[in-house]
There are 2 protein chains.
Amino acid sequence: MTTIRDVAKKAGVSVATVSRFLNGSGYVSADAAKAVTEAVEELEYELNPVARSLNTKRSSLIGLILPDITNPFFPELARAVEDVALSYGYTVILCNSDEDPKKEKNYIETLKKKYIAGFIVTSNQLDAPHYADTKLPIVALDRAINEKIPVVSSNNKEGAVLGTNALLERGCRNILFLRGPEALNPANDRYDGFMEAIGKSDVDYRIVTCPFHYADSQKIVKRELKANPAIDGIFASSDVSAAGALKAAAILGRNVPDDLQIIGFDGIAMGEMLSPGLSTIAQDVYKMGAIATRILIKRIENKPVEESFYEIPVKLILRGTTRSVE
Amino acid sequence: MTTIRDVAKKAGVSVATVSRFLNGSGYVSADAAKAVTEAVEELEYELNPVARSLNTKRSSLIGLILPDITNPFFPELARAVEDVALSYGYTVILCNSDEDPKKEKNYIETLKKKYIAGFIVTSNQLDAPHYADTKLPIVALDRAINEKIPVVSSNNKEGAVLGTNALLERGCRNILFLRGPEALNPANDRYDGFMEAIGKSDVDYRIVTCPFHYADSQKIVKRELKANPAIDGIFASSDVSAAGALKAAAILGRNVPDDLQIIGFDGIAMGEMLSPGLSTIAQDVYKMGAIATRILIKRIENKPVEESFYEIPVKLILRGTTRSVE
DNA sequence: AGGTTATGTGTAACCGGTTACACATACTAT
DNA sequence: ATAGTATGTGTAACCGGTTACACATAACCT
């Protein structure tokens with residue numbers, strides 16, 4: 001392996017000059033620069049990032065902490081983070097936290113020892129006291145940790161308004177809202193949006209709390225649909241819940257969308273594969289991940305970050321679970 | 001930050017002794033061991049992995065190279081790899097290769113500089129010349145790179161036999177087999193299994209090559225179903241293709257499963273959410289990832305690895321797209 | 001007793017970079 | 001002319017570990 005000393009010798013300068021040139025720090029004459037460039041070229045020298053890390057106490061590692069990569073929301077996020085990180089020369093470490101603060105903390109400690117450059121943190125938990133004291137650059141997704149930590153999130157409230165209005169415009173007179181877990185920021189914002197939009201109408205509605213879980217949702221919706229056959233619209237706070245609702249409707253022989261219209265929230269790929277295709281409020285998950293990563297890297301590299309709160313617009317996607325507006 | 005020198009001073013021994021004790025290498029007296037243990041405890045000393053890496057040229061990093069984490073097959077794999085890696089003290093780096101050998105190679109080069117301990121490689125490509133010369137421990141998933149590299153894969157052929165027989169037992173007399181891309185090992189094994197099982201029957205069949213892609217599959221199946229209305233069974237080489245087939249059937253008003261039965265392959269979570277639920281040959285993806293990781297870690301730690309070819313059994317899961325056996 | 005081998009420990013070089021500091025020269029300002 | 005600043009470079013310490021080697025003592029042979 002060629003080292004900086006080999007390069008220095010070949011270029012006829014000291015290692016300090018080589019290092020300065022390579023890092024663009026300090027003064028280096030044109031002659032020296034040329035000699036070093038040539039030596040690097042000829043020796044195919046590549047800097048050893050471990051040696052560098054050891055004394056700079058920095059690295060090009062980014063930690064991506066998420067509850068569970070298996071949850072259909074996260075792969076696309078991970079993909080975006082990885083793409084952007086790669087393009088800036090960073091490497092992504094995958095951390096499944098399972099919503100367990102201990103596990104999360106453990107990851108942070110372990111990776112700090114490796115001089116990790118920063119973290120992107122996605123979690124459903126509202127509180128995260130152990131982040132507060134970390135001096136590392138962090139960007140949060142979908143949850144506010146504290147004022148100093150930038151947050152990237154979808155425009156959940158607006159999305160919920162959009163979805164609710166879509167059902168209203170399509171003639172729903174009795175809407176079931178599947179509210180997400182109350183511990184989740186995004187779920188609460190969606191709830192607020194629903195309430196705002198439904199409040200402006202004179203339509204009947206009912207709210208049921210429902211985890212973002214397929215089988216649970218199916219069970220809950222089956223029960224609700226049986227108890228209240230007048231329901232002609234369901235707005236689910238997640239696509240997975242919507243899938244459960246759709247299944248429940250199928251089992252009960254309800255005709256979607258003629259009889260019952262359904263809108264989900266998230267925009268995961270699966271929605272398209274359902275029959276009928278799931279209408280949904282799609283989040284631009286890729287964009288969320290990409291923006292979060294760009295902000296993180298700016299922070300890592302001490303570049304100015306304009307804002308600390310980024311809201312990504314959502315989009316209504318109409319498929320088969322809703323009718324066209326009459 | 002406390003260093004090994006602090007510990008040595010506190011314990012009244014040399015750094016060499018501390019290092020030896022910490023690594024279980026060389027001789028350390030009981031007295032010295034005790035003194036070091038106490039000093040470590042009191043100072044809350046934690047070894048710096050970067051400094052260690054620098055001269056051992058090893059690390060506890062594992063690279064997971066996969067085509068695209070967004071593909072529903074991979075998150076569960078990644079999850080398994082991460083779980084097992086974590087339990088052995090390793091950290092996982094996520095690498096989306098997009099099937100691009102250049103990108104793959106680039107990752108390998110980059111991570112080698114960080115003294116990565118080993119790689120788990122999943123790829124759809126059959127050839128991978130650039131792995132051959134790597135001295136790093138590697139474990140492959142679903143593809144054989146060379147004799148020295150262990151492979152973990154599902155029992156694809158047996159699965160295909162299982163699926164084909166399931167359709168036959170349920171009365172199918174005209175089966176459409178959606179064959180996966182010919183460049184893929186697993187797809188070819190599935191094809192072999194189908195041929196073997198179908199050959200033993202006197203049933204009509206037709207084979208169409210179909211990418212593991214939802215929309216494409218839908219189009220292809222729609223065409224096939226129109227051209228040949230007698231088809232009463234579809235065996236798809238992947239669940240995503242099966243989902244496309246199911247959608248096509250729904251659009252054409254075919255009744256699944258009374259009229260047309262469908263079996264997929266993979267066992268991804270989405271299958272359950274479809275209506276009717278997708279019958280499938282489920283791979284134990286988690287197990288594949290877990291086993292691959294364990295083997296890799298054994299290799300990294302120079303422990304003996306029994307075999308070099310691991311086949312994970314598959315399982316027939318019957319849901320709504322197949323009838324019960326009459 | 002004398003030679004081997006096993007046990008135990010410390011010194012110092014080394015891994016491959018970065019950077020504080022000292023020093024030299026050239027240019028600018030007064 | 002002289003001080004002050006900008007430019008350019010090298011030496012050597014340092015980051016925080018590992019380990020070769022030298023040396024010392026204890027245990028085991030014959």
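Proteins come first, then strands; the chains are lettered A, B, ... in the order of their sequence lines, and each starts at number 1.
- The shortest distance between the side-chain N/O atoms of B:K113 and the OP1/OP2 oxygens of C:dG16 is not below 4.0 Å.
- Enclosure of atom NZ in B:K287 is not indicated, since only 12 or fewer non-hydrogen atoms of other residues, nucleotides or ligands lie within 6.0 angstrom.
- For B:N55 against D:dG17, a side-chain N or O and a base N or O form a donor-acceptor pair under 3.5 Å.
- Minimum atom distance to the side chain of A:A32 is reached by D:dT9, of the listed D:dT9, D:dC15, C:dT9.
- Atom NZ of A:K34 sits in a sparse spot, with 12 or fewer heavy atoms from other residues, nucleotides or ligands closer than 6.0 Å.
- For the pair A:R5 and A:Y27, both in contact range of DNA chain D, the more 5′-proximal nearest nucleotide belongs to A:Y27.
- Atom CG of A:N23 is separated from atom C1' of C:dG17 by 9 Å (rounded to the nearest Å).
- The OH-C1' distance, from A:Y115 to C:dT18, rounds to 13 Å in whole Å.
- Ionic pairing of A:R79 and A:D83 is present here: one or more N-O contacts between side-chain nitrogen and carboxylate oxygen are shorter than 4.0 angstrom.
- When the nucleotides C:dA20, D:dA6, C:dG8 are ranked by their closest atom to the side chain of A:A16, C:dA20 comes out on top.
- Look at CG on B:L43: it is 12 Å from P on D:dG17, rounded to the nearest Å.
- Comparing A:V50 and B:A30 along DNA chain C, the residue whose closest nucleotide (by nearest heavy atom) sits nearer the 5' end is B:A30.
- Salt bridge annotation for B:E109-B:K105: absent, with no cationic side-chain nitrogen under 4.0 angstrom from a carboxylate oxygen.
- Comparing B:S14 and B:A51 against DNA chain C, the residue whose closest nucleotide sits nearer the 5' end is B:S14.
- Among D:dG17, C:dG16, C:dT9, the nucleotide with an atom closest to any side-chain atom of B:Y45 is D:dG17.
- Between B:K298 and B:E306 a salt bridge is recorded (basic side-chain N to carboxylate O distance below 4.0 Å).
- Listed nucleotides C:dT9, D:dG10, C:dG17 differ in distance to A:R52; the shortest reach to its side chain belongs to C:dG17.
- Put simply, NZ on A:K114 is 14 Å from P on D:dG17, counting in whole angstrom units.
- The distance between atom CG of B:D31 and atom C1' of C:dT9, rounded to the nearest whole Å, is 13 Å.
- Remark: P of C:dG17 and CG of A:D6 are 9 Å apart, rounded to the nearest angstrom.
- Residue A:S29 has its side chain nearest to D:dT9 when only D:dT9, C:dG10, C:dT18 are considered.
- Taking 4.0 angstrom as the limit, B:T56 places none of its side-chain polar atoms (N or O) nearer than this to OP1 or OP2 of C:dC15.
- If you take CZ of B:R58 and C1' of C:dG16, they are 17 Å apart, rounded to a whole angstrom.
- A:I69 has its side chain within reach of A:L94: a pair of non-hydrogen atoms, C-beta onward, lies under 4.5 Å apart.
- Summarising the geometry, the separation between CD1 on A:I4 and C1' on D:dA12 is reported as 14 Å, rounded to the nearest angstrom.
- Residue B:R20 places its side chain closer to C:dG10 than to any other of D:dT9, C:dT18, C:dG10.
- Close to C:dG16, at under 4.0 Å from its OP1 or OP2, lies a side-chain N or O of B:K57.
- Taking only side-chain nitrogens and oxygens, B:T3 never comes nearer than 4.0 Å to OP1 or OP2 of D:dG16.
- Across C:dA12, C:dT9, D:dT9, the shortest atom-to-atom separation from the side chain of B:V15 is found for C:dA12.
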